[in-house]
Amino acid sequence: MTFDKNHPIIFVLVAIIILVVMAQSVFFLLRALKRAKQLGMDKAKIKKTVISSSVFTIAPAISIVICVITLAKDLGVAVPWLRLSVIGSLSYETVAANNALSGMGLKLGDPGLNLNASQFVTIVFVMTISIMVGLLLAPIIGKKLQKGLISIGKKDKNWVDIFQNSMFIGMIAAFLGFVFCDFSNVFKGDTSALIPVFVMLSSAIIMALCGLVMKLTKWKWINDYALPISMVAGMALAIPFTAWLG
Amino acid sequence: MEKKNLPYLEQVHRDGKIWNFTMAGVFFIFPVLLCIIFNTLPEWESLGKGLIATLPMYWAVGAIEVITYVPMLGAGGAYLSFVTGNISNLKLPCALNAMESANVKSGTEEGEIISTISIAVSSIVTTIIILIGVILIIPLTPVLSNPVLDPAFAQLLPALFGGLGVVFISKNWKISIAPICLMLILFIAIPALNEGTVGIMVPVSALFTIGVSWLLYKKGLLTKKEESVDNLTAMANSDEQAE
């Protein structure tokens, strides 16, 4: 069969794989819903979780579509569609593809880059194998990690709660630090490094305002949408901040 | 019969293992099928060079991610997240926000259920939106590639963690000050720390925060809570199935 990076057969294969991935999500969703029912969990709470998670996902998912468009120029549409629908991200896929291409003396974005079948499958192999570790390791050590947490809890009932909050805070602190990664450029006159800082602060202020409005008005629904609201508002404000500072 | 006697968490671990190992096989077979269909083989030298350049870094980060994220995501959420990806920028914040809104704690059975529902829904919605994007890629490309929108999507992470930070830091401010200061200093002072390396700093920051919390806890400076662990232990030990 003559190779084309947008050959219909690649789309068919990718669609089948994505259907299987979707089936796993549906399986775990139904299992959790069933267990929630058995435990007599509040239906309204479950419904709110489904709606707020859906709303929250929209903006990040659109950014993933943009990544598919970016990679599609060199790799066709089907492979980026697969790679970014499963484990992967733009930065990871770009690095993996470029590492495979560098062995051929090529790189993504080269004018007129026209991959042959062999080069194409080489890239897909590198992308696939390199990202496997989380997928394989989670089922191997996931249960042990949870048991470890439980055993900590048995030794000290209070500590495990603090331990988990510490992990969340640790992750958030790392990403807040990342917001300032170009900050030293400000002292060299590059004010664009302030854009992520202002966006982060705007989002934080909007989130705090949502909390305040909820307290004053007793509108509890705000709680479910506060994060997507603050995130989208922060992203929207990035446009004037960039025009100003960028 | 065996299924009925297994506690919920045990079922999740058993099915998670089956699903994830199956998915690993399915993902790996894709490039193999491409080779068969297009009657070709990889360029072995380039493949070797590509793997040598990529594997050590990504396998190390991947292993650290599993150790860091599994306790936060819960069992069901972890099995799904390590198949569907985008953990730190989508699945984990989504699950944390859902647990916070539902007023349940990570590590309790209710937390496990809410986290799993949240991540499963997020995965399904993401897949559908990407599918719509792929179907409409020609009309959508000029819209989504519009330079006016570029800054908005470039700032997704600051916008996400600004809001999320307020929620968690306001409730845990005592344990937040030290790690935030450390991360600010490191990210400002070390040019190599950027979007590509933030994943490596997550476990560093988490370990540091755990250390600080331990000190504060031992000095009696943190509020004690009993509820979470009782539920966690109960979840692990429970063999009751309400059906």
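Order of the sequence lines fixes the chain letters, A, B, ..., with proteins taken first and strands second; residue numbering starts at 1 for each chain.
- For the pairing with A:Met231, the side chain to side chain contact (heavy atoms under 4.5 Å, CB included) check across B:Asn97, B:Leu157, B:Leu160 returns one residue only, B:Leu160.
- Per-residue counts of heavy-atom pairs under 4.5 Å with chain B were compared for A:Ser151, A:Ala23, A:Ala72; the largest is that of A:Ala23.
- Contacts of B:Trp44 with chain A are absent, with no heavy-atom separation under 4.5 Å from either backbone or side chain.
- Here the closest non-hydrogen pair linking A:Gly170 and B:Ser205 is O-OG, 2.6 Å.
- Using a 4.5 Å cut-off between heavy atoms, B:Ser176 contacts chain A through both its backbone and its side chain.
- When all heavy atoms are compared, the tightest approach of B:Val198 to A:Ala174 is CG2-O, 3.8 Å.
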Kindly indicate, with the supporting measurements, whether the criterion side-chain contact (heavy atoms from CB on, under 4.5 Å) is fulfilled by B:Ile128 and A:Met22. CA-CA 9 Å; B:Ile128 291 169; A:Met22 189 91 121; 3.9 Å; yes
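- A:Thr122 contributes a side-chain N or O that, together with a main-chain N or O of B:Glu43, makes up a donor-acceptor pair within less than 3.5 Å.
- Only the side chain of B:Leu92 comes within contact range of chain A, with at least one heavy atom under 4.5 Å from a heavy atom of that chain.
- Heavy atoms closer than 4.5 Å to chain B are found in the side chain of A:Phe183, but not in its backbone.
- A:Ile10 places a side-chain heavy atom less than 4.5 Å from the side chain of B:Phe38.
- Scanning both residues, B:Gly16 and A:Phe28, for their nearest heavy atoms gives CA-CZ, 3.7 Å.
- B:Pro191 does not touch chain A: none of its heavy atoms, backbone or side chain, sits under 4.5 Å away.
- A:Val179 touches chain B through its side chain: at least one heavy atom from C-beta onward sits under 4.5 Å away, while N, CA, C and O do not.
- Interface remark: A:Thr242 contributes side-chain atoms only to the contact with chain B (heavy atom separation under 4.5 Å).
- Neither the backbone nor the side chain of B:Leu186 comes within less than 4.5 Å of any heavy atom of chain A.
- No donor-acceptor contact under 3.5 angstrom links the side chains of A:Asn223 and B:Glu100, judged on distance only.
- At least one side-chain heavy atom of A:Ile46 sits under 4.5 Å from a side-chain heavy atom of B:Ile114.
- Between A:Ser166 and B:Thr209, the side chains place no donor N or O within less than 3.5 Å of an acceptor N or O (distance only, hydrogens not considered).
- Proximity to chain A involves both the backbone and the side chain of B:Asn20, based on heavy atoms less than 4.5 angstrom apart.
- The candidate with the highest count of non-hydrogen atom pairs below 4.5 Å against chain B, out of A:Ile129, A:Ile18, A:Val68, is A:Ile129.
- Using a 4.5 Å cut-off between heavy atoms, A:Thr2 touches chain B through its backbone atoms (N, CA, C, O) alone.
- Of the atoms belonging to A:Val21, heavy atoms from both backbone and side chain fall under 4.5 Å from chain B.
- Contacts between A:Ile239 and chain B at a heavy-atom distance below 4.5 Å involve backbone atoms as well as side-chain atoms.
- Both the backbone and the side chain of B:Val12 come within contact range of chain A, each with at least one heavy atom under 4.5 Å from a heavy atom of that chain.
- A:Val50 touches chain B through backbone and side chain together, each having a heavy atom under 4.5 Å away.
- If you measure heavy-atom distances from B:Ile67 to chain A, the contacts under 4.5 Å come from both the backbone and the side chain.
- With a threshold of 4.5 angstrom between heavy atoms, B:Thr141 approaches chain A through its backbone and through its side chain.
- In this structure, the portions of B:Thr68 lying under 4.5 Å from any heavy atom of chain A include both its backbone and its side chain.
- Most heavy-atom pairs under 4.5 Å with chain B, from the set A:Ala117, A:Ala204, A:Ala238: that is A:Ala204.
- The shortest distance between side-chain heavy atoms of A:Met104 and B:Lys49 does not fall below 4.5 Å.
- Neither the backbone nor the side chain of A:Ala78 comes within contact range of chain B, judged by heavy atoms closer than 4.5 Å.
- With chain B as the partner, the residue from A:Ala100, A:Ser230, A:Ala173, A:Gly234 showing the most heavy-atom pairs under 4.5 Å is A:Ala173.
- Contacts between B:Val66 and chain A at a heavy-atom distance below 4.5 Å involve backbone atoms as well as side-chain atoms.
- Around CZ of B:Phe21, the count of heavy atoms belonging to other residues, nucleotides or ligands within 6.0 Å exceeds 12.
- Ranked by heavy-atom pairs under 4.5 Å with chain B, the first of A:Phe198, A:Phe11, A:Phe3, A:Phe125 is A:Phe125.
- Neither the backbone nor the side chain of B:Val61 comes within contact range of chain A; no heavy atoms are under 4.5 Å apart.
- With hydrogens and angles disregarded, a donor-acceptor distance shorter than 3.5 Å links the side chain of A:Ser203 to the backbone of B:Gly163.
- Proximity to chain B (any heavy atom under 4.5 Å) is restricted, for A:Leu145, to the side chain, taken from C-beta onward.
- Both the backbone and the side chain of B:Gln155 come within contact range of chain A, each with at least one heavy atom under 4.5 Å from a heavy atom of that chain.
- Closest non-hydrogen pair, A:Val124 versus B:Pro31, comes out as CG1-CB, 3.9 Å.
- Across all non-hydrogen atoms, the minimal contact from B:Phe153 to A:Ile62 is CZ-CG2, 3.4 Å.
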Verify side-chain contact (heavy atoms from CB on, under 4.5 Å) between B:Val104 and A:Lys45, making sure each step is shown before the conclusion. CA-CA 10 Å; B:Val104 296; A:Lys45 196 186 265 187; 3.9 Å; yes
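- Of the two parts of B:Thr54, the backbone and the side chain both hold a non-hydrogen atom closer than 4.5 Å to a non-hydrogen atom of chain A.
- Contacts between A:Val79 and chain B at a heavy-atom distance below 4.5 Å involve the side chain alone, from C-beta outward.
- In this structure, the portions of A:Leu136 lying under 4.5 Å from any heavy atom of chain B include both its backbone and its side chain.
- Contacts between A:Ile58 and chain B at a heavy-atom distance below 4.5 Å involve backbone atoms as well as side-chain atoms.
- Only the side chain of A:Phe120 has a heavy atom closer than 4.5 Å to any heavy atom of chain B.
- What you find for B:Met23 and A:Ile17 is that their closest heavy atoms are CE-O, 4.5 Å.
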